[in-house]
Novice: 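Sharing a structure with you now.
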Amino acid sequence: MPTVRARLLVALVALVVLCGFLTVAGAAPATAGIPPATATTPSGSLWFDGAPLTVRDGHFTDGQGREIVLRGYNVSGETKLAENDGLPFASVADAEKSATALRALGGGNAVRFLLSWAAAEPGRGQVDTAYLAAATAQMRAFLDAGIRVYPDFHQDLYSRYLFDEGSWYTGDGAPKWAVDAGGYPKESCGICLFWGQNITQNAAVRQAQYDFWHNAHGVQDAFLDTAAATMTYLRQHLGEAEFAGIVGFDPYNEPYAGPYDSGQTSRTWERDLLWPFYQRFRARMDAAGWQDKPALVEPNLFWNADISSQKQEGGLLDVGTLGPRYVFNTHFYDQKAISGILMWGKAADGQYTGDLGTVRDRASAAGTAAVVSEFGHPLSGLVSDKAPTVLKAMYQALDSRVPGARWWTDPAGSGPVLSGSQWQWDLYSGRHHELMNGDPGKVRTAGDAWNDEDLSAVRLDDSGEVTLRQDARLLDRIYPAATAGTALAFTYEDRSRDGAATLTWNPVPPSLPNVARLVGSGQYGLLVWRSGDGSAPTELHLPVSFPASATTVVSDLGTVFAPPAYTPSVPVGVAPEPGGTGGRRLLLTDTDAGSLHYALVTNGAANPSAALLDAARSELAGWAAAHF
């Protein structure tokens, strides 16, 4: 995630402070159908919660056959630092605080959980079980909050141990012994304004990555052995219900070749070196008891770069069908926007629908699901003014491949709703104490404390409460967490802000006057789906901005203002999300198979009349029939 150096950063982003504690106004009471919490069952769970996920027909799928969308954050860049010994948190208590806030304030149902190879194997062949125990305990805090987890062995610029005390930059990933084995040249990026330039300009970084892919000095063998030990440890020390919450494993963050061999291309490198590595990792997963979970594999880092000079052909094009044992896992950052030079002005409606449409197409061609496991934008510095629009456009593109201006006239072109994890959710933002490359004269406290980045959506305020640094309307979103059947189209108009301006990119068209009147200036989400043959309901996450007293649902299943508590006999109801964090979900229960359904959810009307609800329902029924 290359970003501008601190000497170029001149402004701080305004902090969005969410009033109150981690509670949700108007939360529906628990129903008799909700079982009591146990040591392995998150509080608030219902009978259809907690099943392991598999990949089927290009989607994450739960045990009830529902399509699952994972939304959340990376936890966290703290793992890249030395101050907490390669762990995301200083304590389990901090992990629990983070999990509660992530669910209640950020609306997340999943996290990408970063792990450090250097901390897991500080000496060759010496796996540190104390580190694995601490990481497992912190991971459990999220699992017990009903949040799914996919671990990631993280690296950037191969290793911090390639860099000297006085270096401008640092890395993370490989342990010191692996660097010592290589005898690499003195690192130097030359004149570099972005840390990511080290990938192509730093000879030490380039050679170390080359050696890893070619298994020089046995470093790849050692990494795979440590990964196997890590997965075995997690399998043995998580309970069955906890392990069911593990989605899969991301083997290697942002892979790139280093230098190519003579005659080699980015495509042949993926085919001949990267893919065999993933197959070796997959074998370790199977041996460790992870055979039913997918490997979330990333292509060449540069395959979808939006700067033409950086883009390299790839995307695992030459490895055949990935199938359900692998997930197509990629990142997306707008490097043009981050550069401050190549994109003037703000992002706009539909800015990234093409980029993430390419992700959908590549996953579909590979026969598997997709996840965008990192996306984001700097929250301070010269380009931070773009963050509200860049992030809105990215979430918009995760929801649908159709821009807002065309969504109502072409909803069937939406494509699948993508899973994604924003970078990042760092409790310690702005409060770090990191000795950069071990130098006591370079103590980093600001931002993420790593290569001058500042992308955390949260921080701790002076009283120790978790506080959002971005607009809650942007982060805490309606999304279809589980669709009982096949999602055909989805959109969410968050009405998030860019300063004092409200961003409305998907207004209800005048051709639906009663729907437009019902929504007014409020937020709204609309899901269209075709029912399956299971009995579990469709689930939509309800943001804090949708309290029961202000939520209206217009659906063919029922039209309701202030939906009641869920029971199996209630077609439109509200229930707590698992984990006891105050999060809520809208549950939509159909009793058919293969039928078209729709549900509009809005907070725009105060106690709408029955006549208005009926008129809006009639308009939506006609619209859905015309387009599907």
Side-chain angles (χ1 to χ4, degrees), residues 25-29 31 407-408 411 477-495 506-532 535-543 545-575 584-628:
T31 70
W407 191 89
W408 284 94
R477 311 174 62 80
I478 290 178
Y479 59 91
T483 301
T486 302
L488 302 178
F490 174 71
T491 190
Y492 181 54
E493 178 49 76
D494 55 43
R495 312 273 192 186
N506 192 358
V508 179
S511 58
L512 300 170
N514 291 292
V515 176
R517 181 182 165 199
L518 182 68
V519 169
S521 61
Q523 300 166 293
Y524 78 88
L526 176 54
L527 174 68
V528 182
W529 76 101
R530 195 169 299 281
S531 57
S535 56
T538 289
E539 299 185 29
L540 293 170
H541 169 70
L542 283 178
S545 57
F546 282 73
S549 59
T551 299
T552 301
V553 181
V554 179
S555 172
D556 65 289
L557 300 174
T559 301
V560 183
F561 174 71
Y566 165 79
T567 67
S569 61
V570 172
V572 180
V574 173
R584 297 178 309 125
R585 49 186 164 168
L586 180 71
L587 299 178
L588 304 164
T589 305
D590 60 65
T591 58
D592 50 36
S595 296
L596 185 69
H597 297 287
Y598 61 87
L600 171 80
V601 189
T602 183
N603 59 6
N607 197 20
S609 68
L612 178 57
L613 293 176
D614 288 343
R617 181 175 181 177
S618 178
E619 287 179 353
L620 283 172
W623 170 85
H627 290 284
F628 297 93

Novice: Using the side-chain contact (heavy atoms from CB on, under 4.5 Å) definition, which of the options Val515, Asn514, Leu526 pairs with Val508?
Specialist: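 For Val508, the side-chain contact (heavy atoms from CB on, under 4.5 Å) check succeeds only for Val515.
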Novice: Would you check if Thr589 and Val570 make a side-chain contact, meaning some heavy-atom pair closer than 4.5 Å?
Specialist: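 No - every pair of side-chain heavy atoms lies 4.5 Å or more apart.
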Novice: Could you tell me whether the side chain of Asp590 reaches within less than 4.5 Å of the side chain of Trp529, counting heavy atoms only?
Specialist: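 Trp529 reaches Asp590 side chain to side chain.
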Novice: Is the shortest side-chain heavy-atom distance between Val572 and Leu588 below 4.5 Å?
Specialist: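 They are in side-chain contact.
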Novice: With a 4.5 Å cut-off on side-chain heavy atoms, are His627 and Trp408 touching?
Specialist: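 Trp408 vs His627: side chains apart.
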Novice: Can you tell me which residue among Ile478, Asn603, Val601, Asn506 is in a side-chain contact (heavy atoms from CB on, under 4.5 Å) with Tyr524?
Specialist: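 In the set Ile478, Asn603, Val601, Asn506, the residue that makes a side-chain contact (heavy atoms from CB on, under 4.5 Å) with Tyr524 is Asn506.
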Novice: Evaluate the ring planes of Trp623 and Phe628, with Trp represented by its six-membered ring, and classify them as parallel (under 30°), tilted (30 to 60°) or perpendicular (over 60°).
Specialist: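 It falls in the perpendicular class, over 60°.
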Novice: So, does Thr551 use its side chain to make a donor-acceptor pair with the main chain of Phe546 at under 3.5 Å?
Specialist: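 Yes, the answer is positive, given that a donor and an acceptor are paired below the 3.5 Å cut-off.
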Novice: Report yes if some heavy atom in the side chain of Asp556 is under 4.5 Å from a heavy atom in the side chain of Leu596; otherwise report no.
Specialist: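 With C-beta onward as the side chain, the pair stays apart.
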Novice: Compare all side-chain heavy atoms of Pro513 with those of Glu619 and state whether any distance is below 4.5 angstrom.
Specialist: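 Sidechains of Glu619 and Pro513: in contact.
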Novice: Under 6.0 Å from the CZ atom of Arg517, do we count more than 12 heavy atoms belonging to anything else shown?
Specialist: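 No, the 6.0 Å shell around CZ holds no more than 12 heavy atoms from other groups.
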Novice: Is there a side-chain contact between Leu542 and Arg585 in this structure, where contact means two heavy atoms from C-beta onward sitting under 4.5 Å apart?
Specialist: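 The answer is no, as the side chains (C-beta and beyond) never meet within the 4.5 Å cut-off.
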Novice: Testing Thr559, Val528, Leu620 one by one against Leu600 for a side-chain contact (heavy atoms from CB on, under 4.5 Å), which residue passes?
Specialist: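 Result: among Thr559, Val528, Leu620, Leu620 is the only option passing the side-chain contact (heavy atoms from CB on, under 4.5 Å) with Leu600.
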Novice: Less than 4.5 Å apart, any side-chain heavy atom of Val519 and any of Arg495?
Specialist: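 The answer is yes; the side chains approach within 4.5 Å.
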Novice: For Ser595, is there any backbone N or O sitting under 3.5 Å from a side-chain donor or acceptor partner on Ser531?
Specialist: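 It does hold such a pair.
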